[in-house]
Protein chains: 2
Amino acid sequence: MGMKFQMMQPAQITELLRRRQITPTSQRVKIAGTLFAGPAHFCAEDVYARVNEDDAEVSKATVYNTLGLFVAKGLVRQVFVEPGKVFYDSNTQPHHHFYDSGTGELTDIDAVGVALHELPPLPADTELDGVDVIVRIRQRQSKDRPA
Amino acid sequence: MGMKFQMMQPAQITELLRRRQITPTSQRVKIAGTLFAGPAHFCAEDVYARVNEDDAEVSKATVYNTLGLFVAKGLVRQVFVEPGKVFYDSNTQPHHHFYDSGTGELTDIDAVGVALHELPPLPADTELDGVDVIVRIRQRQSKDRPA
DNA sequence: GGTTAGACTTAGAACTATTCTAAGTCTATA
DNA sequence: TATAGACTTAGAATAGTTCTAAGTCTAACC
């Protein structure tokens with residue numbers, strides 16, 4: 001814990017993928033390396049850009065396939081904040097988010113274990129899949145320092 | 001309160017729009033009539049289909065423009081649950097949502113005033129814009145009644 | 001160390017939801 | 001009733017994502 005957001009060695013990443021039953025191809029290792037090198041929030045385009053910083057080596061289709069696979073395997077989590085904008089969050093601890101639609105910035109809120117307690121019972125024959133809490137914020141228009 | 005989700009007369013809708021400083025054109029009245037005739041959750045496509053049930057009279061561009069205007073004026077609220085899927089919610093009371101990604105169904109949760117209490121302080125120079133709580137659920141795979 | 005079936009990756013086309021554009025129409029005010 | 005500006009429209013454009021079909025790699029077996 002905590003180590004995840006240091007730079008990880010390829011061997012560590014390979015191990016991490018294997019533990020989740022993911023065949024560690026070179027593309028997947030590269031993408032996981034990017035996701036876990038923090039900061040923790042990327043959209044697909046960010047991942048594509050970072051993975052190909054030097055030279056285009058991973059296709060867009062693979063980035064999407066891989067992110068989808070990682071979500072399915074529980075390695076990363078999707079956060080939906082706007083139509084046509086999905087963030088992939090490599091922090092899988094329970095936590096919530098601040099989202100500033102002006103800047104497009106997404107920030108973690110340490111889970112305080114709040115919302116779940118007082119939820120009403122789930123609808124019949126359903127089970128919990130996750131709780132997303134997004135606190136939308138905007139830059140304050142201060143009277144002292146008018147924009 | 002409560003009346004909003006009975007069928008409203010055009011005159012009432014016109015009044016509602018004027019109160020929000022929205023010029024009540026025939027298209028806007030028709031769209032508002034649809035939104036407030038409940039149930040409370042529609043995507044743009046739903047609205048477009050309902051408004052043109054008899055005969056195409058309102059263009060897609062106008063549906064989007066009008067929904068955007070209603071959001072800006074606080075008449076309806078957007079709910080983001082999946083990439084490329086925005087719901088428009090004509091219930092503007094504080095409340096949260098269940099979302100079943102299997103069925104695509106969105107259901108209201110009466111606000112219990114929970115999440116806000118224990119939030120950490122907002123980042124510097126920002127103010128609150130809203131809190132979205134989405135409880136993701138899925139159909140239960142019961143051992144008694146296997147799918 | 002080779003073979004090989006199936007899994008993975010790729011470029012580019014296709015698709016979907018949404019926004020834009022530019023021209024025509026309507027509204028509300030005088 | 002005239003008019004300026006707001007509103008609506010069809011269709012093109014865009015952005016993000018998924019699909020397709022062909023080639024490449026992986027790992028399990030010999």
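This structure is a prediction, so every number in the text was calculated from the model and none was measured. Side-chain atoms are counted along with the backbone in the values below, which use heavy atoms only and exclude waters and symmetry mates.
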(request) Specify the residue among B:Pro83 and B:Gln27 whose closest nucleotide of DNA chain D lies further upstream toward the 5′ end. (result) B:Gln27
Rounded to whole angstroms, how far apart are [atom1] on [X] and [atom2] on [N]?
{"X": "B:Asn65", "N": "C:dT19", "atom1": "CG", "atom2": "C1'", "value": "9 Å"}
{"X": "B:Leu67", "N": "C:dT19", "atom1": "CG", "atom2": "C1'", "value": "13 Å"}
{"X": "B:Tyr88", "N": "C:dT18", "atom1": "OH", "atom2": "C1'", "value": "9 Å"}
{"X": "B:Lys60", "N": "C:dT19", "atom1": "NZ", "atom2": "P", "value": "13 Å"}

(message) Would A:Glu57 and A:Val51 count as a side chain to side chain contact (heavy atoms under 4.5 Å, CB included) here? Give the steps.
(response) CA-CA 8 Å; A:Glu57 291 158 33; A:Val51 160; 6.0 Å; no
(request) Name all residues meeting the side chain to side chain contact (heavy atoms under 4.5 Å, CB included) criterion together with B:Thr14; count only those two or more places apart in sequence or in a different chain, and write none if there are none. (result) B:Arg18, B:Pro24, B:Val29
(message) Restricting to side chain to side chain contact (heavy atoms under 4.5 Å, CB included), what partner residues turn up for A:Asp108, sequence neighbours left out?
(response) A:His41, A:Asp89, A:Asn91, A:His95, A:His97
Let me have the donor-acceptor pairs involving side chains of residues 128-136 of chain A, under 3.5 Å, with sequence neighbours excluded, atom names and distances please.
residue	atom	partner	partner atom	Å
A:Asp129	OD1	B:Arg138	NE	3.3
A:Asp129	OD1	B:Arg138	NH2	2.7
A:Asp132	OD2	B:Arg136	NE	2.8
A:Asp132	OD2	B:Arg136	NH2	3.2
A:Arg136	NE	B:Asp132	OD2	2.8
A:Arg136	NH1	A:Val81	O	3.3
A:Arg136	NH2	A:Val81	O	3.2
A:Arg136	NH2	B:Asp132	OD2	3.2

(message) Under 4.0 Å from a heavy atom of chain B: give me the 5'-most and 3'-most nucleotides of DNA chain D that qualify.
(response) D:dC7 to D:dA10
(request) Map B:Arg18 and A:Glu57 onto DNA chain C by nearest heavy atom, then report which one ends up closer to the 5' terminus. (result) A:Glu57
(request) Identify, between B:Pro24 and A:Val58, the residue whose nearest nucleotide on DNA chain C lies closer to the 5' end. (result) A:Val58
(message) Using only atom types and a distance under 3.5 Å, with no angle test, would you say the side chain of A:Asn52 pairs donor to acceptor with the backbone of A:Ala49?
(response) no
(request) Kindly calculate the angle separating the two end axes of the helix from C:dG1-D:dC30 to C:dA30-D:dT1, each obtained from five base pairs, and round it to 10 degrees. (result) 30°
(request) Select base, sugar-phosphate, or nothing to describe what A:Thr62 touches, counting heavy atoms under 4.0 Å on all strands. (result) base
Partner set under salt bridge (Lys or Arg N to Asp or Glu O under 4.0 Å) for [X], not counting sequence neighbours:
{"X": "A:Glu15", "result": "none"}
{"X": "B:Glu105", "result": "none"}
{"X": "A:Lys85", "result": "none"}

(message) Check this one for me: any side-chain N or O of B:Tyr64 less than 4.0 Å away from OP1 or OP2 of C:dT18?
(response) yes
(request) Could you work out which one of C:dG12, C:dC20, C:dT18 sits closest to the side chain of A:Ala61? (result) C:dG12
(request) Just grab all the ring pair (Phe, Tyr, Trp, His ring centres under 6.0 Å) pairs involving residues 64-89 of chain B, residues at least two apart or on different chains. (result) none
